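Heavy-atom basis, side chains included; hydrogens, waters and symmetry copies ignored. Atoms within a ligand are numbered from 1 in the order they appear, just like the ligands themselves. Owing to the predicted nature of the structure, the values given are computational and were not obtained by experimental measurement.
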Amino acid sequence: MKLAIGNDHVAVDMKKEIKEYLESKGIEVIDVGTNSTKRFNYPISGYKVAKMVAKQEVDAGILICGTGVGISLAANKVQGIRACVCSEPYSAKLSKQHNNTNIIAFGARVIGIETAKMIVDEWLNASYEGGRHQTRIDMITEIEKTQTLKMGEE
Ligand code: RB5
């Protein structure tokens with residue numbers, strides 16, 4: 001498995017710990033930065049990771065900023081991205097099973113490193129269930145591509 005990881009200036013330490021944690025499990029991790037604590041605009045790393053995921057250069061992505069909100073919003077602007085910000089493992093697991101999320105985000109100012117590891121583990125170990133959930137994802141994709149939602153109206 002190959003992942004991309006990105007962060008802003010407030011999440012440098014957490015990013016490093018998560019990267020090392022994943023590498024210790026044999027997962028390849030591409031770090032798009034930042035590795036500086038100098039003020040950094042999170043859309044840059046959100047966009048970089050999202051593009052790598054959308055182009056299938058990696059299997060999935062992890063994004064960390066202060067809350068996980070801004071960086072996930074930026075990632076979700078890239079076509080094909082379903083990024084979800086989570087502060088606990090249950091939502092992370094369900095976001096994969098039901099929503100087929102391809103990026104998980106969290107906040108270095110919101111959760112601690114052990115919760116972050118738990119979120120990542122639950123998310124990576126979960127599988128998309130398809131079936132009825134695919135109809136809903138197709139609807140999300142329709143909104144993304146056409147800025148309309150006709151599916152389900154008939
Ligand atoms: C940076 O101050 C902060 O706004 C950022 O890390 C993030 O929380 C944004 O959503």
Side-chain angles (χ1 to χ4, degrees), residues 1-25 27-126 128 133 136-137 139-149:
M1 176 180 277
K2 190 170 165 183
L3 301 178
I5 196 165
N7 58 285
D8 75 356
H9 55 289
V10 304
V12 173
D13 289 344
M14 181 174 274
K15 187 276 301 292
K16 283 182 182 163
E17 283 194 69
I18 292 293
K19 182 171 182 275
E20 281 170 23
Y21 178 66
L22 291 167
E23 286 170 344
S24 76
K25 291 168 176 276
I27 296 171
E28 187 182 347
V29 184
I30 298 176
D31 181 1
V32 307
T34 182
N35 283 300
S36 162
T37 52
K38 200 171 143 234
R39 197 170 291 158
F40 179 88
N41 294 325
Y42 56 76
I44 296 169
S45 41
Y47 173 74
K48 281 184 183 170
V49 167
K51 279 307 252 194
M52 291 177 80
V53 173
K55 286 158 78 181
Q56 299 185 329
E57 292 169 5
V58 291
D59 299 304
I62 297 176
L63 291 171
I64 320 172
C65 65
T67 58
V69 174
I71 206 161
S72 58
L73 288 178
N76 273 317
K77 296 299 176 191
V78 173
Q79 279 215 353
I81 293 304
R82 289 175 301 280
C84 166
V85 55
C86 288
S87 297
E88 36 70 34
Y90 179 79
S91 301
K93 178 179 178 175
L94 269 287
S95 84
K96 179 70 77 60
Q97 290 179 334
H98 290 189
N99 316 111
N100 202 14
T101 45
N102 45 19
I103 293 182
I104 196 85
F106 39 87
R109 286 175 170 157
V110 180
I111 60 170
I113 186 64
E114 295 307 323
T115 303
K117 287 178 186 171
M118 236 182 255
I119 285 172
V120 168
D121 283 340
E122 288 291 330
W123 186 64
L124 290 177
N125 290 333
Y128 176 50
H133 303 297
R136 294 147 189 176
I137 291 180
M139 293 170 89
I140 293 170
T141 304
E142 186 190 340
I143 298 169
E144 179 182 53
K145 287 197 171 147
T146 68
Q147 291 294 295
T148 65
L149 182 58

May I ask you to check whether [X] has an N/O atom sitting below 3.5 Å from an N/O atom of ligand 1?
X	answer
Thr67	yes
Cys65	no
His9	no

What protein heavy atom lies closest to [atom]? Include the residue and the distance to one decimal.
atom	value
atom 2 (O) of ligand 1	Arg109 NH1, 3.4 Å
atom 6 (O) of ligand 1	Asp8 OD2, 2.5 Å
atom 9 (C) of ligand 1	Tyr42 CE2, 3.5 Å
atom 10 (O) of ligand 1	Gly70 N, 2.9 Å

Please identify which atoms of ligand 1 are closer than 4.0 Å to at least one heavy atom of Val10.
6 (O)
Among Asp59, Val78, Val58, which one satisfies side-chain contact (heavy atoms from CB on, under 4.5 Å) with Val53?
Val58
When the ring planes of His98 and His133 are compared, do they come out parallel, tilted or perpendicular, using 30° and 60° as the limits?
parallel
Between Glu144 and Thr141, do the side chains contain a donor N or O and an acceptor N or O under 3.5 Å apart?
no
Residue pair Tyr21, Asp121: steps toward the side chain to side chain contact (heavy atoms under 4.5 Å, CB included) verdict:
CA-CA 10 Å; Tyr21 178 66; Asp121 283 340; 2.5 Å; yes
Per the side chain to side chain donor-acceptor pair (under 3.5 Å) rule, which among Asp8, Thr34, Asn35 passes with Lys15?
Asn35
Verdict with reasoning, Glu23 to Lys19, per salt bridge (charged side-chain N to carboxylate O under 4.0 Å, His left out)
CA-CA 6 Å; Glu23 286 170 344; Lys19 182 171 182 275; 3.1 Å; yes
